[in-house]
Amino acid sequence: MDLKSNEPFWLLKNGLVASYPSLKSDEECEVLIIGGGITGSLIAHQMIEDGYHTILIDKREICNGSTSATTSMLQYEIDVPLSYLIEKIGEKGAIRSYLACSDAIDKIEKLSAKIKSDAGFKRKKSLYFASKKSDVSWLKNECDVRNKAGFKVQWLEPEKILHQFGFENTYGGILSDQGASIDAFKLAHELFKLNIKKGLRIFDKTEMKSVSYHQGYNLASTTSGYTIKAKKIIYCIGYESKSLIKENFVNLKSTYAIVSEIDKTKFRNMTDILVWNTDEPYLYMRTTDDRRLLIGGGDEDFHDAGKRDALLDQKEKEILKGLKKMKPDYRFYTDFVWAGTFGETKDGLPYIGEHKKFKNSYFVLGFGGNGITFSVTGMEMASLFMKNKKHPLSRYFKFGR
């Protein structure tokens, strides 16, 4: 296949998985979920499991937002290193946050097995390597901090990385046992299909216009003129929350990714590893379940979708230059190139919790490179929210922290 596209790989690979109706009448439910990506699918799964009459809406087709553009690397490592996060929020909160992401990988594996998922969940180790000599000291300290916190990690010298993975021009790195990858686009569709059978109702191409607050319920009005009466609303709208919540709580970033042609032999020593480095912005890569190499990076501040997409060719060259440094003799044949938008917070942590300006409502906003694992933690937190209970991580993930 010789195809370059600005459409996300997962969307083209999976095609039109399912079709849902738009809202054509006034409805009523216990829980209204706004956002039909991987986060919305996980929260909907939890709400149905907890026995709530649930409706989910999305202004696009289901899963056609950020979920179609994610690289779906499942890491316990947060974008802010553990040693730095400890300085920001304290040892207890930092380690708990890392542990939550680690536990989330185990939970996704169990969930995938339970629903007999075909989304290609695969256990992988994670290599976080120093791309500059000046990064070695703090990265070694990061390795020591993680070891002390109980994470299974080891330091690899450059020679070991070259021998084991074939990466040149590194200065050593942290090898972690815990990591995985999955096709989040497919998993989300699987969860929706499963939960529709259990009572979940989904309406796509249905955009929320406004919400009015009443005693014991909210009334969501849509742009099509219909309303949904709900006891609780859970917002799973990712970076689009920036247009809903006025304070400056997240910075929007553009990110870029490329996927190679299929090669069943070339990536043999990389099939069980997630790779990222200490560059700013960092380069990251993994193989897909159909034996392609997926590489991402080139992050920069988001301005608008047009300017973001206009940089596709430039960013492809930039990413390939980074790969060339690691594998000088390697020829990468590009099949797909695309861009996406994500949110970056001051501490690398998500915003999961209530907001004082949105009554009877809850937000599950998993930002950064851990959006999926944070969303799994959000399942448990949202479940407790519905019971008016707090989660140990609530204080660290709350608005206004």
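Here the side chains of Cys29 and Glu27 are not in contact, with every heavy-atom distance at 4.5 Å or above. In this structure, Leu365 and Ile237 have side chains that are in contact, with non-hydrogen atoms separated by less than 4.5 Å. Side-chain contact between Tyr217 and Glu28 is absent, with no heavy-atom pair separated by less than 4.5 Å. Using a 4.5 Å heavy-atom threshold, the side chains of Gln154 and Lys160 count as separate. Side chains of Phe367 and Ser241 form a contact here, defined as non-hydrogen atoms less than 4.5 Å apart. At a threshold of 4.5 Å between non-hydrogen side-chain atoms, the residues Met208 and Tyr235 count as touching. Taking the side chain as every heavy atom from C-beta outward, Asp135 and Phe129 never approach each other to under 4.5 Å. Inter-residue side-chain proximity for Met379 and Lys107 is flagged as unmet; no heavy-atom pair is nearer than 4.5 Å.
Under 3.5 Å, the side chains of Ser72 and Ser181 contain no donor-acceptor pair of N or O atoms. In the model, Tyr396 has no side-chain atom that pairs as donor or acceptor with a side-chain atom of Asp347 under 3.5 Å. A donor and an acceptor atom, one from each side chain of Asn147 and Lys152, are nowhere located under 3.5 Å apart.
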From CA spacing to verdict: side chain to side chain contact (heavy atoms under 4.5 Å, CB included), Phe302, Tyr239: CA-CA 11 Å; Phe302 173 81; Tyr239 74 89; 5.6 Å; no
Given side chain to side chain contact (heavy atoms under 4.5 Å, CB included), test Tyr282 with Trp276 step by step and report yes or no. CA-CA 7 Å; Tyr282 59 81; Trp276 52 312; 4.1 Å; yes
Between Lys124 and Ser126, is the side-chain hydrogen bond (donor to acceptor under 3.5 Å, both in side chains) condition met? List the steps. CA-CA 7 Å; Lys124 298 188 176 187; Ser126 172; over 6 Å; no
Is there a salt bridge (Lys or Arg N to Asp or Glu O under 4.0 Å) between Glu354 and Lys232? Walk through the geometry before answering. CA-CA 11 Å; Glu354 298 173 87; Lys232 302 288 185 181; over 6 Å; no
Check step by step if side chain to side chain contact (heavy atoms under 4.5 Å, CB included) holds for Glu91 and Leu82. CA-CA 9 Å; Glu91 186 174 62; Leu82 179 59; over 6 Å; no
As a quick check of understanding, evaluate side chain to side chain contact (heavy atoms under 4.5 Å, CB included) for Phe358 and Asn218, giving each step before the final call. CA-CA 10 Å; Phe358 298 82; Asn218 293 344; over 6 Å; no
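Judged by distance alone, the side chain of Trp10 and the main-chain N or O of Thr70 form a donor-acceptor pair under 3.5 Å. A donor-acceptor pair under 3.5 Å is formed between the side chain of Thr206 and the backbone N or O of Leu23. In terms of modelled atom types and a separation under 3.5 Å, the side chain of Lys315 and the main chain of Gly298 share a donor-acceptor contact. Of the possible donor and acceptor atoms, one in the side chain of Arg401 sits under 3.5 Å from a partner among the backbone N and O of Phe397. Checking side-chain atoms of Ser117 against main-chain N and O of Leu187 turns up no donor-acceptor pair under 3.5 Å. Using a distance-only test at 3.5 Å, with no hydrogens or angles considered, no donor-acceptor pair links the side chain of Lys359 to the main chain of Lys356. Counting only distance, with no hydrogens or angles, the side chain of Lys387 and the backbone of Ser383 share a donor-acceptor pair below 3.5 Å. A donor-acceptor distance shorter than 3.5 angstrom exists from the side chain of Glu30 to the backbone of His53, with no hydrogens or angles considered. Remark: the backbone N or O of Leu283 is paired with a side-chain donor or acceptor of Asn277 at under 3.5 angstrom. Lys266 places no side-chain N or O within 3.5 Å of a backbone atom of Leu293 that could act as its donor or acceptor partner.
With respect to Lys186 and Glu190, no salt bridge is recorded, no charged nitrogen being found less than 4.0 Å from a carboxylate O. The pair Asp263-Arg268 fails the salt-bridge criterion, with no side-chain N (NZ, NE, NH1 or NH2) lying under 4.0 Å from an Asp/Glu carboxylate O. A salt bridge links Lys205 with Glu61: the distance from a Lys NZ or Arg NE/NH1/NH2 to an Asp or Glu carboxylate oxygen falls below 4.0 Å. Salt-bridge check for Asp177 with Lys125: passed, with a basic side-chain N closer than 4.0 Å to an acidic carboxylate O. Salt-bridge check for Lys253 with Asp301: passed, with a basic side-chain N closer than 4.0 Å to an acidic carboxylate O. A salt bridge links Asp272 with Lys122: the closest approach of a Lys/Arg side-chain nitrogen to an acidic carboxylate oxygen falls below 4.0 angstrom.
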Could you pull out every donor-acceptor pair under 3.5 Å between side chains of residues 163-176 and any protein atom, sequence neighbours left out?
{"residue": "Asn169", "atom": "ND2", "partner": "Lys325", "partner atom": "O", "Å": "2.6"}
{"residue": "Ser176", "atom": "OG", "partner": "Tyr76", "partner atom": "OH", "Å": "2.9"}
{"residue": "Ser176", "atom": "OG", "partner": "Glu77", "partner atom": "OE2", "Å": "3.4"}

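Put simply, NZ on Lys110 and CD1 on Ile105 are 13.0 Å apart, with the number rounded to the nearest 0.5 Å.
The heavy-atom pair separating Thr255 from Gly297 by the smallest distance is OG1-O, 3.8 Å.
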